[in-house]
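Notes for the one structure printed next.
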Amino acid sequence: MNTATTTTALRLPIAGMTCASCAGRIERALGAVPGVLRATVNLATETADVATDGSVAAPVLTRAVERSGYSVPERTFELRVGGMTCASCVGRIEKALRAVPGVIEANVNLATERAHVRVLPSVSIEALVDAVEKAGYRASAPDAESADATGEPHDDATDESDARERRHLWLALALSLPLVLPMLAMPFGVHAMLPGWVQFALATPVQFWLGARFYRAGWHALKARSGNMDLLVALGTSAGYGLSVWHLLEGGHHAPLYFEASAVVIALVLLGKRLETRARRQTTAAIRALQALRPATARVRRDGIETDVPLAQVRVGDELVVRPGERIPADGRILEGRTHVDESMLTGESLPVARSEGERVTGGAVNGEGRIVVETTAVGAESALARIIRLVEDAQAQKAPIQRIVDRVSAVFVPVVLGIALVTLLGWGLATGDWNQALLNAVAVLVIACPCALGLATPTAIMAGTGVAARAGILIKDAQALETAQRIDIVAFDKTGTLTQGRPTLTEAVALDGDTASLLARAAAVQRGSEHPLAAAVLQAAQDAPAVSARGIHAVPGRGVRGDIDTQAVLIGSERMMREADVDTALLSPRAEALAASGHTVSWVAVGEHGERPRLHGLLAFRDMPRPGARDAIERLHALGLRTVMVSGDHEGAARAIAAQLGIDDVRANVLPEEKANAIVRLRRDGTVAMVGDGINDAPALAAADVGIAMGSGADVAMHAAGVTLMRAEPVLVADAIEISRRTTRKIHQNLFWAFVYNVVGLPLAAFGLLDPVIAGAAMAFSSVSVVTNALLLRRWRPTSRLNRTSS
């Protein structure tokens, strides 16, 4: 017997190869993957051609390449997806997208109706759109050209669809009302039921015209051998409608009819979807507010002439004229003028910030009272505002880990409900012989069991939480960081620039030979051009010292800097640097220890002729003051039940002095930048750790923590190593970030609880005949609306840091 093997070919781009041995290593790694028939790596084209038996997905191959020490370049697409109604739809679309060869990951968000897809470069967006459409849904790529003046994507087709759905809702309510009003009047002794054929005439357009969307989507689900909310609604209402038609044809006007049940259920489902859509749009208010910060035009000064041009035509280097009250069109540096800038929508800072010539301003901020001229430094996708929007959108597109459990439940939910409905029908019919009531009970089971609320429970809470956090100046990079942040036990801080102002001043200079001016001159010469905060303090203090030039300057990471002045080598740095250079510091050690104990940072200065061992020349003592509000931040973290740790490269005395002043629980001092990540790994043995740093030299530690929190500015917002970025350099925002993550996670759990409760309580009630189909339809619609409304309560959250600042 011959068996045919289906072979699937896939081409992977490979980055990082340098020689033939690299190609061999990758071929062996790919060949070891079960299901790979053949793997050939081409060093010249930097690609790997892989033949598989069809059972191997792209993510498995990319992980194999990464484990061998290389990487696979990828790109990301975002698709608009239409036609989704519940969590089952989400699962089916994700399955269809992941089946496309070359797709690494696909996440579909029911609330935003977007699909976020990571693919190999060989995958086209057309292939992804085709896969979604074959699964029975609409798909398109967001078109940047269709953005309106605010920068918000504008789609005429979406507007038309929205208007059509609104008309259909009002028609369904108008046709259903005459059917249900007589039933509502019956308890009061009023009997005014419409004739059967009138009921038929009212219910039929609701069933097959206004409810056609349920049949279309349900049919697509059946073709894909799965189920969704539309299939449940279509089956349930069709059963009630069909039974009523049968009775009408068989028994005339006096037969029991259920047209009102099928029509009202459809009307209620349409009403619920409408309310849900309106509520969902409120969860994206933060994105729309950020997008609205982009002005439509900019006033550009070229050759002394000012002209208004569309924002898209502004280029880096252009001079922009910004009058009082106008929004700054793009990121830049002030060339002329001074003003106060309102950056509240970008950083959450409620008070205007003073800006003068040479200082940077961020596009989207409001110019206060002065006319300024700004030289553009970043436009379009590279601007701070665009990066902020991208971070918030990415966070809202990601799935929280708990959502993946919900997706697995949703995948089997509809088939289980269909089984329960069948058992209900047969059970009631066989036990009582009343097949009419049996069918109504089965219809109620189908209608109440809507998985729509399950699909909305997590994404709506994430969208609302990340949105309100962004308005407060807290950018949460992904849903996993959001969910992990609420479990934090330990918060580790970098010291310089995080808990302190990062602008130390030189408080004391001690020269062994008593020549302080010469000491400062040499130190300034070697540190001139350095961006280190201590170097800036030395240069500030040495302004009156004699000018000296140095050459051959180079930094020694984590230790200090060295350079040459005339025939001498000059070393400035830590005690560790002195030990490694065999410099004897004993003469000044008592003074250094006293300074360190009082909270100073000490740098040593050594000088020596080339070829000779350097000798101690003196020491420099610096003091960096804590940031305003740093102590309040630590107290708030303690109030949240968290342990605080300082991880610093400073001398232990200086670190402990600051820690004692702020009330920090533990100190890890003398830690080199490359060792900070190891210190965080050791802390993780005691619990879930958040690392707070400036996002630059602390990047390895931020990545090593369970949650990295980068204290950045508008220009440095896209900190790749951090899961959370604080737009203002205020330590108190750390507590705010943890608080909003806790609240958001609590909302997710509440939403999932209520979504499951509706089904856990509703399904048995319907199966035992205690739930009318109309009530079931109302409950189903209410479940989705209540879940979204509960998520929207997060928008009322205000950061404690802002409340404290306002009250003071």
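At least one side-chain heavy atom of Val316 sits under 4.5 Å from a side-chain heavy atom of Val379. Using a 4.5 Å cut-off on side-chain heavy atoms (C-beta onward), Leu683 and Arg668 make contact. Looking at heavy atoms from C-beta onward, Tyr137 lies in side-chain contact with Ile93 at the 4.5 angstrom threshold. Here the side chains of Asp494 and Met691 are in contact, with some heavy-atom distance below 4.5 Å. Using a 4.5 Å heavy-atom threshold, the side chains of Arg118 and Asn107 count as separate. Residues Val117 and Thr76 form no side-chain contact, since every pair of their non-hydrogen atoms from C-beta on lies 4.5 Å or further apart. Residues Val119 and Leu128 are in side-chain contact: their nearest non-hydrogen atoms beyond the backbone lie under 4.5 Å apart. The closest side-chain heavy-atom distance from Met711 to Val692 is below 4.5 Å.
With respect to the salt-bridge test (charged N to carboxylate O, under 4.0 angstrom), the residues Arg576 and Glu580 do not qualify. Ion pairing of Arg487 with Asp489 is absent here, as no side-chain N (NZ or NE/NH1/NH2) approaches a carboxylate O to less than 4.0 Å. Using a cut-off of 4.0 Å between Lys/Arg side-chain N and Asp/Glu carboxylate O, Asp706 and Arg684 are scored as salt-bridged.
Evaluation of the side-chain hydrogen bond (donor to acceptor under 3.5 Å, both in side chains) test over residues 20-38, restricted to residues two or more places apart or in two chains, returns Arg25-Tyr70.
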Please assess Thr47 against Ile14 for the test side chain to side chain contact (heavy atoms under 4.5 Å, CB included), listing each intermediate value before the final yes or no. CA-CA 5 Å; Thr47 58; Ile14 309 292; 5.8 Å; no
Derivation of the side chain to side chain contact (heavy atoms under 4.5 Å, CB included) call for Leu12 and Val41: CA-CA 9 Å; Leu12 300 176; Val41 177; over 6 Å; no
Working note: Val90 + Asn109, criterion side chain to side chain contact (heavy atoms under 4.5 Å, CB included); need CA distance, chi angles, decisive distance, verdict. CA-CA 7 Å; Val90 170; Asn109 191 317; over 6 Å; no
Just do the side chain to side chain contact (heavy atoms under 4.5 Å, CB included) check on Val645 and Val491 with the steps written out, would you? CA-CA 6 Å; Val645 179; Val491 180; over 6 Å; no
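Minimum interatomic distance between Ser741 and Gln486 (heavy atoms only, all atoms of both residues): OG-N, 3.4 Å. Here the closest heavy-atom approach between residue Ala690 and residue Ile709 is recorded as CB-CD1, 4.2 Å. Of all heavy-atom pairs between His554 and Val561, the closest is O-CG2, 3.5 Å. Between Val689 and Ile680, the shortest heavy-atom distance links the atoms CG1-CG2, 4.2 Å. Contact between Ala481 and Val707 at its shortest, heavy atoms only, is O-CG2, 4.1 Å. For the residue pair Val123 and Phe77, the shortest heavy atom distance occurs at O-CE1, 3.5 Å.
In this structure, the side chain of Glu133 does not engage the main chain of Asp130 through any donor-acceptor pair within 3.5 Å. The backbone N or O of Val108 lies less than 3.5 Å from a partner atom in the side chain of Glu94, making a donor-acceptor pair.
To the nearest 0.5 angstrom, Ile488 atom CD1 is 14.0 Å from Arg643 atom CZ. Taking CD of Glu74 as the reference point, atom CD1 of Ile104 lies at 4.0 Å (rounded to 0.5 Å).
When each of Ile476, Thr744, Leu475, Leu794 is tested with Thr466 by the rule side chain to side chain contact (heavy atoms under 4.5 Å, CB included), just one qualifies, namely Ile476.
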